[in-house]
Enquirer: 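This is the structure, below, for whatever I ask next.
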Amino acid sequence: MAKNTNDEQFKNVISHAKEYGFVFQSSEIYDGLSAVYDYGQLGAELKNNIKTYWWKAMVQMHENIVGIDSAIFMHPKVWKASGHVDGFNDPMIDNKDSKKRYRADQLLEDKIARYEKDGKTDKAAKLQADMDDALKAENLQLLKTLIEENDIACPVSGTKNWTEVRQFNLMFSTQFGAMAEGSEEVYLRPETAQGIFVNFLNVQKSGRMKIPFGIAQIGKAFRNEVIARQFIMRMREFEQMEMQFFVRPGEDQKWFAYWKEARLKWHKALGTPAEKYRYHDHVKLAHYANAATDIEFEFPFGFKEVEGIHSRTDFDLSQHQEYSGKKMQYFDNDLNEEGKPYGNYIPYVIETSIGLDRMFLLTLINAFEEEDLSTEDKQDSRTLLRLHPCLAPVKVAIFPLTKKDGLPEKAREIMNSLKLDFNCIYEEKDAIGKRYRRQDAIGTPFCLTIDHQTLEDDTVTIRHRDTMEQQRIEIKDLFDIIGNKVSWKNLLR
Ligand code: GAP
C-alpha cells in the first residue's frame with residue numbers, strides 16, 4: 001500500500017476509535033496530556049477481552065504458570081538492583097531555537113532512513129554502525145558529532161543549533177509518605193517484570209511450584225518517553241502483559257525457542273495474515289541477555305515491535321539476591337532423581353513481554369475496513385470492524401422491529417436471557433439498516449431482530465456481521481449458536 005494510503009488509513013482508525021468510544025485523549029477538555037490516553041466504553045471491553053485471551057493462554061492453559069498482581073510502587077532498591085536507576089536512559093538533545101526535545105538516536109535513525117531512501121546505502125550503513133558503537137559505549141559526545149557531521153537540522157526550526165546530548169532517565173518518581181521530612185523518593189514501575197522477580201520465592205514456596213514454571217502478570221507501567229508518537233503506540237502510561245518462565249541453567253535456549261514459537265502462534269490464532277508478522281532477532285544483546293527477539297507487526301507506519309521474548313539468564317534474581325541479601329535460590333529435588341547431585345541454583349529466566357496497548361492498536365488496525373458495497377444501480381459502503389468474535393466488545397445487539405405491539409418487551413425478555421453470558425446492547429431507535437451499520441462499526445458479530453412473527457412462533461432473525469447473511473432461527477437455539485462462535489475454544493486448544 002502507498003504511504004499516503006497508509007497514513008490515511010491510520011488517521012481513519014484514530015478518528016473511528018474516538019467517534020465510537022474506544023480511545024480518548026486523556027484530559028481532553030484541558031487540551032489533553034501528551035501520550036496519555038483513556039479507554040472509552042467499548043475500548044475498555046476490547047481491552048478486557050485481549051487481557052482475557054492472554055491470561056487464558058498463559059495461565060489457564062498451562063498447569064505450571066500462575067498469575068499475580070503486584071503493586072506499582074516498589075522499594076527504591078528494586079530499581080537500583082534491576083539497573084533502571086543507572087541505565088534506563090534515552091539520549092536526548094534540544095534544539096535551542098525551537099526548544100523542541102528529541103531522542104538523539106531517533107534523529108540519527110531518521111537520517112539513516114533518508115540515506116536509504118535516496119539510495120545512499122554506504123552512508124546509511126556507516127552511520128548505523130557509528131551510532132550503534134556510540135550507543136553501546138554511551139558516548140554522548142560521539143552522538144552529537146554524528147548529528148553535526150550528518151547535517152541534521154531540527155524538523156521544526158530548520159536550524160542546527162543543538163544543545164549537548166544528555167542522558168534522560170525514563171522513570172517517573174514521586175514522594176512516598178506524607179511527611180515533608182523523611183519521605184522517600186519512589187518510582188512508578190517502568191515494567192511489571194520486577195514485581196514478578198521479587199515475588200519469585202513467595203510464589204514458588206506458597207504454590208509449591210517446581211521448575212520449570214512461570215509467573216504471569218498484567219499491569220500498568222510508566223515511562224517518561226522523550227518522544228511519544230503514533231497514538232497509543234508509545235505512551236507514558238501503558239499496560240504490559242508479562243510472563244517470567246524460570247528454568248534450569250542450561251535449558252534456557254530450549255525454552256527460549258519454545259516461547260518464541262508459542263507467542264507467535266498466539267498472535268496468528270486471531271486470524272491475522274501471516275505476512276503481517278515477523279521476528280526481529282537481536283544481534284546486539286543487552287549485557288544480561290543471551291538471546292532476544294521481537295515479534296513485529298506491520299503497522300501502517302512500518303514493522304514495529306509488539307512483543308519481546310528475552311532470555312535474561314539469572315541476571316535479575318542474582319541482582320536481587322545481592323541487593324536484598326536474601327537467597328534467591330531454588331532447591332531442585334528432581335536433579336537427584338535424574339541421577340545428578342541435588343542442586344541449589346538461581347534459575348535462568350525466559351521472559352515474554354507484550355504491550356497491551358500496542359496489541360489493542362494492532363487489533364483495531366487489523367479489523368478496520370471500509371467495505372465497498374456498491375452495485376450497478378447504487379453507490380454504497382460500510383465501515384466495519386472485523387474483530388474476532390471472542391474479542392468483540394459487544395457480542396449481540398438486540399433490535400425490536402418497532403417500538404410497539406409488545407416487540408420491545410419481547411426483545412427485553414430475550415436480552416435478559418442472554419446478557420449474563422454475552423455482552424448485549426439493546427437498540428430501538430432508527431431503521432433496522434441503520435442499526436446494523438452502527439453495530440458493524442463497533443464489530444458486533446450478531447444482531448437479532450424481533451418482529452411480529454417472533455410473537456407467534458418464537459423465532460428471530462439473526463444477522464451475521466461479516467457476511468451480512470440473515471437467518472430465521474428459534475429463540476431456544478440462540479444460546480448455542482452465539483456461544484459456539486464466541487467460545488475461547490475457537491482460539492485456544
Ligand atoms: N520487561 C521487559 C520490557 O519491559 P520492553 O521491550 O521495554 O521490555 C515490552 O517492553 C513491551 O512493552 C514492548 O514490546 C511494547 O509492546 C510495550 N511498551 C514498551 N514501552 C511502551 C510505551 N512507551 N508505550 C506502549 N507500549 C510500550
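When a ligand or atom number is given, it counts from 1 through the structure's own listing order.
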Enquirer: Is any N or O atom of Pro190, backbone or side chain, closer than 3.5 Å to an N or O atom of ligand 1?
Expert: no
Enquirer: Which heavy atom of the protein is the closest neighbour of atom 26 (N) of ligand 1, given with residue, atom name and distance?
Expert: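 Checking every protein heavy atom, the shortest distance to atom 26 (N) of ligand 1 gives Phe238 CD1, 3.5 Å.
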Enquirer: Are any side-chain N or O atoms of Asp252 and backbone N or O atoms of Pro249, one a donor and one an acceptor, separated by less than 3.5 Å?
Expert: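 No; judged by distance alone, with no hydrogens or angles, the pair does not exist.
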Enquirer: If we set the cut-off at 4.0 Å for heavy atoms, which region of Arg234 has an atom near ligand 1: side chain, backbone, both, or neither?
Expert: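 The answer is both, backbone and side chain.
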Enquirer: Which of these, Arg223, Arg358, Met359, has its nearest heavy atom closest to atom 4 (O) of ligand 1?
Expert: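 Checking each option, the heavy atom nearest atom 4 (O) of ligand 1 is found in Arg223.
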Enquirer: Glu305 heavy atoms, cut-off 4.0 Å: which ligand 1 atoms fall inside?
Expert: 6 (O), 13 (C), 14 (O)
Enquirer: Quick test: of every protein heavy atom, which one is nearest to atom 9 (C) of ligand 1, and how far off is it to 0.1 Å?
Expert: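 The protein heavy atom lying closest is Ser353 OG, 3.0 Å.
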Enquirer: Salt-bridged, Lys47 to Glu239, with N to O below 4.0 Å?
Expert: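 Answer for the salt bridge query: yes.
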Enquirer: Heavy-atom contact check, 4.0 Å cutoff: does Met233 meet ligand 1?
Expert: yes
Enquirer: May I ask you to check if ligand 1 and Ile354 share an N or O to N or O distance below 3.5 Å?
Expert: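 No, there is no polar N/O contact under 3.5 Å.
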Enquirer: Check each of Glu191, Gln240, Glu225, Gln244 against atom 10 (O) of ligand 1 and report the one with the nearest heavy atom.
Expert: Gln240
Enquirer: Relative to the heavy atoms of Glu351, which atoms of ligand 1 are at a distance of less than 4.0 Å?
Expert: 1 (N), 2 (C)
Enquirer: Would you tell me whether Gln217 and Thr192 have side-chain atoms, one donor and one acceptor, within less than 3.5 Å of each other?
Expert: no
Enquirer: Does the side chain of Asn290 come under 3.5 Å of the side chain of Ser311 through a donor N or O and an acceptor N or O?
Expert: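 The criterion, which ignores hydrogens and geometry beyond distance, is satisfied for Ser311 and Asn290.
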Enquirer: Just how far is it from atom CZ of Phe246 to atom CD1 of Ile215, taken to the nearest 0.5 Å?
Expert: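 Reported value, rounded in 0.5 Å steps: 4.5 Å.
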Enquirer: Does a donor on one side chain and an acceptor on the other come within less than 3.5 Å for Asp314 and Tyr288?
Expert: no
Enquirer: Identify, for atom 24 (N) of ligand 1, the protein heavy atom at the shortest distance, and state residue, atom and that distance.
Expert: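 So the nearest neighbour among protein heavy atoms is Met235 N, 2.8 Å.
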Enquirer: Ser82 and Gln194: side-chain donor and acceptor closer than 3.5 Å?
Expert: no
Enquirer: Enumerate the atoms of ligand 1 whose separation from the nearest heavy atom of Glu242 is less than 4.0 angstrom.
Expert: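 The atoms of ligand 1 under 4.0 Å from a heavy atom of Glu242 are 1 (N), 2 (C), 3 (C), 4 (O).
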Enquirer: Could you pull out the closest heavy-atom pair between Trp79 and Met74, with the gap in Å?
Expert: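 Taking Trp79 first and Met74 second, the nearest heavy atoms are CZ2-SD, 3.7 Å.
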Enquirer: Assess Val306 for proximity to ligand 1: is some non-hydrogen atom of it under 4.0 Å away?
Expert: yes
Enquirer: Tell me which protein heavy atom sits closest to atom 17 (C) of ligand 1, plus the residue, atom name and distance to 0.1 Å.
Expert: Gly355 CA, 3.6 Å
Enquirer: Using the side chain to side chain donor-acceptor pair (under 3.5 Å) rule, pick out the option among Glu242, Gln244, Glu305 that qualifies with Ser353.
Expert: Glu242
